[in-house]
Structures are given as structure tokens and as C-alpha cells.
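Here's the structure we're looking at; comments come further down.
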There are 2 protein chains.
Amino acid sequence: MVTIYDIAKKTGFSTTTVSKALNNYSDVSEKTRQKILQAVEDMGYLPNAHAQSLSTKKSWTIGVMFAEDNEVGMKHPFFSAIIESFRKNAEREGYDLIFASRNLRNRDISYLEHFSYRGVDGIVVICSDSQDPQVQEMINSTIPIVVIDMNNQNCSLVYSDNIEGGKLAVNYLHSLGHTKIAHIAGDPSTDAGAERIKGYNKAMNDLKLPIPEGYLINGGLFSINEGKEAMEKLLLLDDVPTAVFVAGDHMAIGAIEVIKEKGLRVPEDISIIGYDDIEMAAYITPKLTTIKQDTDMIGFQAAQLLMNQILQKKKLVVSKKIPVELIIRESCSKKEN
Amino acid sequence: MVTIYDIAKKTGFSTTTVSKALNNYSDVSEKTRQKILQAVEDMGYLPNAHAQSLSTKKSWTIGVMFAEDNEVGMKHPFFSAIIESFRKNAEREGYDLIFASRNLRNRDISYLEHFSYRGVDGIVVICSDSQDPQVQEMINSTIPIVVIDMNNQNCSLVYSDNIEGGKLAVNYLHSLGHTKIAHIAGDPSTDAGAERIKGYNKAMNDLKLPIPEGYLINGGLFSINEGKEAMEKLLLLDDVPTAVFVAGDHMAIGAIEVIKEKGLRVPEDISIIGYDDIEMAAYITPKLTTIKQDTDMIGFQAAQLLMNQILQKKKLVVSKKIPVELIIRESCSKKEN
DNA sequence: CTCTTTATCGAAAGCGCTTTCGTTAATTGG
DNA sequence: CCAATTAACGAAAGCGCTTTCGATAAAGAG
């Protein structure tokens with residue numbers, strides 16, 4: 001490994017001057033700077049990130065924490081899309097992402113501890129559970145942080161306009177003539193789930209539509225299987241809804257599966273609208289009508305918010321609410337009477 | 001930030017002894033070790049990864065490089081599934097993953113340079129293009145490396161048994177009575193594509209089935225759109241195949257789309273078998289019959305191979321061929337009459 | 001009781017880099 | 001021509017930790 005000491009020796013200058021030349025200090029003449037840069041080139045010198053970070057207290061890394069409750073990790077299409085967007089934007093600013101765990105040399109430590117150990121400049125968390133103590137600990141620390149997919153935390157936040165999304169879904173269904181509209185909700189322990197419920201309730205109210213017993217059903221944590229279970233219950237109702245707004249595409253897919261299994265048709269018998277617009281949505285049958293979350297924008301804004309805090313060297317509490325969009329495909333149709 | 005110096009002062013020992021106590025050296029008495037650990041607990045001491053790495057030349061990090069040609073990055077379901085599995089296994093051994101880019105403080109550097117700068121202990125690359133110069137550079141470096149999804153490189157490799165997969169697909173189709181079997185291939189510049197073609201050819205040969213002009217068509221880099229384009233060409237043939245083996249699920253989905261658009265049915269008119277078994281495969285209509293790649297095992301073996309090299313402090317050239325599995329769903333049917 | 005082991009600890013150097021502060025030489029101003 | 005700037009550079013300390021090697025004291029051997 002070639003160090004600044006090596007290139008100092010080669011050029012005849014001190015390590016101080018070499019370091020300064022490399023960091024664009026003004027008190028090094030252009031001539032010597034060129035000489036040094038030439039030597040750097042010739043000898044294939046590369047700085048050592050660890051030494052640099054140790055000295056400057058800045059690591060140019062961002063720690064990322066994923067929801068850990070479910071087993072999917074970065075396999076989740078919605079989360080991975082956001083992270084991919086975040087990564088691109090962070091990279092452009094010169095930051096690398098580091099995925100840490102709770103395992104430090106076989107000792108169990110918290111995420112915050114691990115990130116402190118790594119000396120990250122900031123943290124991004126994508127986590128649905130708004131009560132997660134690990135997340136709270138990080139929010140209360142001094143490390144800049146941005147959390148995605150939560151509302152109402154004492155830190156910088158980026159989230160979709162879930163209330164509006166819920167309204168959008170219900171209003172669209174209503175515009176097709178539906179009045180018996182059910183909602184397979186995301187668990188209210190997740191802010192996303194809770195807000196979509198609010199949107200659903202608000203829209204139903206504004207439309208003066210009744211929400212019969214059983215029409216608002218907790219689908220849990222957004223998995224296909226939970227969507228199935230919820231839909232089965234809905235199908236058992238005396239007055240089966242003609243349309244259902246499902247709080248996540250995966251659950252919607254599950255719902256559609258059971259509807260088909262029961263010999264019913266989507267959308268002819270029951271209209272289904274999902275939420276997220278994951279890749280799969282456009283390719284299942286029928287193609288899923290859904291509320292699209294702008295993952296590119298979410299990742300971008302999250303990166304912005306975090307960079308800002310790092311730059312200003314202090315935690316900022318800023319919220320960005322990202323608009324959602326109704327994507328009309330084939331899983332909803334006019335109510336036949 | 002509390003350092004070993006702080007806890008040395010508090011306990012009355014030297015930093016040397018503190019460090020030794022923390023690293024389980026034998027020449028520190030049990031009594032003082034306990035005192036020190038107590039102080040560590042009380043003061044909330046955490047080691048500093050940068051200082052540690054600088055001193056020990058070991059960073060407990062693994063660099064990951066993703067195929068960069070396509071825009072999907074970690075959104076790709078197959079790649080992200082592998083990385084997720086790799087991550088879990090690496091974490092268990094105490095390693096963190098770091099995603100680096102080619103941007104170092106706005107200077108364009110190679111992946112190898114970036115990983116050197118970061119001082120990673122090893123590199124994992126998931127990249128289809130077997131000729132990528134960036135990858136070659138890393139393979140030729142001294143850093144332990146494992147590359148996934150390539151054959152025939154001078155380094156440790158983990159890949160699916162693609163030849164066998166190709167045979168499996170063809171033989172299954174043949175067992176259903178099909179003889180006019182086409183192949184929408186992955187680009188031969190990718191080892192995966194090339195090997196699946198080999199498997200297809202071999203199986204067709206063994207079965208003494210002809211491969212008419214146009215039956216072997218290059219689908220490109222595995223995207224849905226490329227699958228569509230390829231299928232359209234197949235449909236233009238004088239003698240349209242009754243079954244097609246598609247080298248990737250995404251392409252297969254595209255193929256199915258165009259078949260439907262043309263008013264034909266899957267599998268009644270044309271049977272389709274895919275490759276990968278991405279999540280979506282089980283939920284499209286018809287549910288996609290496919291060759292499943294064992295992403296969990298691939299990630300696991302890759303981690304093992306890399307850990308071994310790191311442990312032994314030298315590059316090893318070991319290949320792991322991971323078995324694939326035929327997943328029968330609904331997109332293939334018996335050849336009528 | 002003297003000599004060798006063994007157990008326990010610390011001084012100091014070093015990892016590669018940054019940054020403060022001082023020094024020297026060259027330049028400017030009057 | 002002399003004093004005051006300014007330009008260009010380097011010594012040295014420090015970031016937090018590890019590791020070698022030596023020192024001391026206690027224990028064991030004969």
C-alpha cells in the first residue's frame with residue numbers, strides 16, 4: 001500500500017505538503033501540486049478511508065437500517081426500490097451505503113451502537129413499525145437521520161401522502177358506481193396503515209357512504225397471505241362488498257387469488273384497488289389498478305434531507321409528504337346493478 | 001465519544017491493558033478484566049471501527065458490486081434475493097456490507113480503487129456480463145473475491161447449474177408431447193445465457209429434436225420488453241413452436257403478454273417455461289412454470305467461499321455449482337393431438 | 001534461600017492522514 | 001533600502017486503537 005509518506009519521499013516534500021496538495025489547500029504552489037499529483041498518478045496512490053475518517057471525524061458513509069420484523073429484508077420490492085433511488089442520490093454526493101446488523105463480533109448490540117461504531121455520517125431507516133425501540137433510540141441520538149414511511153416522529157421524515165391515497169382509491173371506486181366499499185387495511189401500528197385507514201374513513205364519510213360492520217378489516221403486515229385471509233373474511237359477510245380498497249399490492253394480490261378460488265371474477269364481481277404499484281402489479285391478471293407511491297422521489301427527498309443535516313452538522317426536523325398517483329388498469333370496473 | 005483512554009483513566013490501568021482486556025488477551029487478570037468491562041458498561045464505551053481497522057488492517061466489511069449496465073440495481077428481484085441471503089450469512093460472521101460506487105469525492109475511480117480505499121476485507125460481485133473490465137480488474141487484484149452468476153473466471157465462483165436447467169426445461173416440455181420447442185435465450189455475453197443455450201441444444205440433440213431456423217432467438221438482457229420482442233418474432237415464423245423455453249422469468253412474462261395480445265392462449269396454444277422463479281412467477285396468469293434458482297443457497301455458498309478466503313488470507317479459486325429445480329405450475333400443458 | 005518461571009501490567013511505537021502553528025524566503029510598500 | 005506582508009513549506013501533535021517488548025512481582029523449583 002502506497003501512502004502519502006511514500007509520495008512525500010519520492011517528491012522530496014513533506015507529508016504535510018502532500019496532504020495539503022491533495023486537499024486543495026491554498027498554501028501550496030501550483031508547481032509542487034502538479035509534481036505531487038504526478039507522483040500520485042505514477043505510484044497509484046489511494047487514500048486510506050480509515051485513516052482519513054479517524055483524523056477528520058467524517059466517514060462519507062451512511063448507515064441503512066431495514067425493517068427487520070419480516071423476513072424479506074431487501075427482497076421487498078417497495079423498500080428495495082426506495083433504497084435503490086436513495087443510493088443513486090447518495091452516491092452522487094460521494095456517500096457509500098453500509099448495511100449494518102445487530103451483530104458485532106458476536107456481541108448483540110443495538111443498531112445505534114453499530115452505526116456509532118462504524119462512525120456513519122447519517123442514518124436512513126425504512127421501517128414500518130412506528131414503535132420500534134431500535135428506531136426510537138436512533139431518533140434520539142445525535143446522528144443525523146431520516147426515516148421513511150413514518151409520520152409524526154421527532155426527526156426528518158419522508159412519506160407518501162397516504163390519506164390522500166386512501167381518498168383517491170375510495171373516490172375512484174365510487175366514481176365507478178360502487179357504494180359497498182370495504183377496506184383491507186394495513187396494521188395501524190404502521191403509520192402507513194393508519195393513514196390509509198384515515199383516508200378511507202374520510203372519503204367514505206364525505207361520500208356519505210356507510211361502513212358496515214366488518215368492512216374495515218385489519219390485514220396485518222402487508223403480505224400476500226394476510227391479504228388472502230382478510231379477503232376470505234370479507235367474502236363471508238352477509239352483504240359482500242362490490243369493491244375493496246386494499247392497503248398494499250401484495251395483499252391485493254392475495255385478495256384476488258381467493259376471489260378467483262371462490263369462482264368469482266375480478267373486476268366483474270368485485271373490484272380491487274391496491275397500493276404501492278410494485279412491478280408485479282402490471283403483470284398479474286387482471287392488471288392491478290393501484291395507488292402508486294413515487295419511490296424515486298421518496299429516495300431522492302430522503303437523500304436530500306439527510307445531506308442537508310450532514311452539511312449543517314445538526315439534526316433537522318423536516319417532513320416531506322410525497323404525492324401519490326392513481327394508476328388505472330383492469331382490476332376495477334363499473335358497478336353493474 | 002468515550003475512548004479506551006477514558007476508561008483507562010477511570011480504572012487506573014493503562015490503555016494497553018484496557019485494549020487487551022477487550023480483546024481477550026491472556027495476560028490480564030480476571031479481576032482487572034472485570035473492572036474494565038464494568039467501566040466499559042458504565043461509560044457506554046464503543047470501539048471506533050476506523051481506529052481499529054487502521055491498526056489491524058481488517059475492516060470487517062465486504063464490498064458489494066452490482067451489475068451496473070441495467071438501471072434496475074437492487075430492484076432486480078433475483079439479485080436482491082441473493083444479496084439478502086448473502087447479507088444474512090455475512091452478518092452472522094460479523095461482517096457489514098458496503099455498497100460503493102465509482103464516485104469518490106467527485107473523482108471517477110474504478111470499483112477496485114473504491115474498495116481499496118474503503119479497505120474492505122472481501123468483495124462480492126453479482127454481474128451478468130462476463131467481460132466487464134471492472135470485474136476483471138477486481139478478479140486480478142489481491143482482494144478476496146467471489147463472483148456470482150459467472151462461469152470460467154479465475155476466481156471463486158457461485159452459479160446455478162444452467163446447463164442442467166436448460167435440459168430440465170426442454171425435457172419437461174418434451175415429456176408433455178412437445179417437439180417444436182423454441183428457446184428465447186439470454187445474451188451469450190452472459191455466462192448464464194450461454195449455458196442455458198448449451199443445455200437447450202444438448203437436450204434437443206439427445207432427444208433428436210430439430211431446431212429449425214429461428215427457433216433459437218437471442219432475447220438480450222432478460223427484460224420484459226426484450227421478451228416481448230423475441231416472442232413476436234417467434235410468432236412470425238412459418239412453423240410456430242408449440243412450446244418455448246425462456247431464459248428468464250421477466251422475458252417469459254413479456255412473451256406471455258404478446259401471446260395473449262395476439263389472441264392465443266397459454267398454455268393451450270403455446271406452453272411457456274421460464275427461468276429464475278421470481279416472486280411474480282407464482283401470481284401471474286397463468287402461473288408460470290419455471291426453473292427455480294436457489295437464491296438462498298447461492299447467497300450462502302458465496303458467503304462461505306468469501307469467508308474462507310478472508311480467513312486463510314489468500315485468494316482461492318473454488319467453484320460452486322448450485323442445483324436448480326423444476327417448478328411446475330400452469331403455463332405448460334400437454335400437446336393436444 | 002537462590003534461581004528460574006509465570007503472571008500481570010505498561011511504555012512506546014506505529015497504523016495513515018489532517019491540521020495547527022511556526023519558520024523561512026520572497027515580495028511589496030513607502 | 002528597510003520594514004511589513006505574503007507565499008510556500010514542514011515539524012509535530014493528534015485521531016483511537018493494537019501490539020511488541022520489556023519490567024516487575026509473585027510463585028515455583030531445587
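No experiment lies behind these values; they were computed from the predicted model shown.
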Please list, by residue number, the residues of residues 11-19 of chain A whose heavy atoms come closer than 4.0 Å to an atom of DNA chain D; answer none if no residue qualifies.
A:G12, A:F13, A:S14, A:T16, A:T17
Which is the 5'-most and which the 3'-most nucleotide of DNA chain C that has an atom under 4.0 Å from a heavy atom of chain A?
C:dG16 to C:dC21
Within 6.0 Å of NZ in B:K58, more than 12 heavy atoms from elsewhere
yes
Does A:Y25 reach a base, just sugar-phosphate, or nothing at all? Heavy atoms under 4.0 Å.
sugar-phosphate
Along DNA chain C (nearest heavy atom to each residue), the more 5'-positioned of B:S29 and A:Y5
B:S29
Any sub-3.5 Å donor-acceptor pair from B:T15's side-chain atoms to B:I4's backbone N or O?
no
To the nearest 0.5 Å, tell me how far A:I145 CD1 sits from A:N154 CG.
11.0 Å
Say whether B:Q293 and B:S160, considering side chains only, have a donor N or O and an acceptor N or O under 3.5 Å apart.
yes
Under 3.5 Å, is there a donor on one side chain and an acceptor on the other for A:Q136 and A:Q153?
yes
For the helix from C:dC1-D:dG30 to C:dG30-D:dC1, how many degrees between its two end axes (five pairs per end), to the nearest 10°?
40°
Suppose we screen for salt bridge (charged side-chain N to carboxylate O under 4.0 Å, His left out). Which residues come up paired with A:D149, at least two apart in sequence or across chains?
none
A:N23 has an atom CG; how far is it from atom C1' of D:dC9, in whole Å?
16 Å
For B:K321, does the NZ atom have more than 12 heavy-atom neighbours from other residues, nucleotides or ligands under 6.0 Å away?
no
Take A:S189 and A:D187, measure what side-chain hydrogen bond (donor to acceptor under 3.5 Å, both in side chains) needs, and give me the verdict at the end.
CA-CA 5 Å; A:S189 74; A:D187 196 285; 2.9 Å; yes
So, with a heavy-atom separation below 4.0 Å from DNA chain D, the residues of residues 40-58 of chain A are A:L54, A:S55, A:K57
Could you pick out which residue, B:D27 or B:I4, lies toward the 5' side of DNA chain D when each is mapped onto its nearest nucleotide?
B:I4
The ring pair (Phe, Tyr, Trp, His ring centres under 6.0 Å) partners of A:F99 (sequence neighbours excluded) come to B:F99
Does the side chain of A:Q34 come under 3.5 Å of the side chain of A:Q38 through a donor N or O and an acceptor N or O?
no
Without decimals, in angstroms, what is the distance between A:Q34 CD and D:dA8 C1'?
16 Å
Check: A:E137/A:S110 side-chain N/O donor and acceptor closer than 3.5 Å
yes
Donor-acceptor side-chain pairing of A:E93 and A:N89 below 3.5 angstrom:
no
A:T295/A:F78 under side-chain contact (heavy atoms from CB on, under 4.5 Å): CA gap, chis, key distance, verdict
CA-CA 7 Å; A:T295 53; A:F78 174 61; 3.6 Å; yes
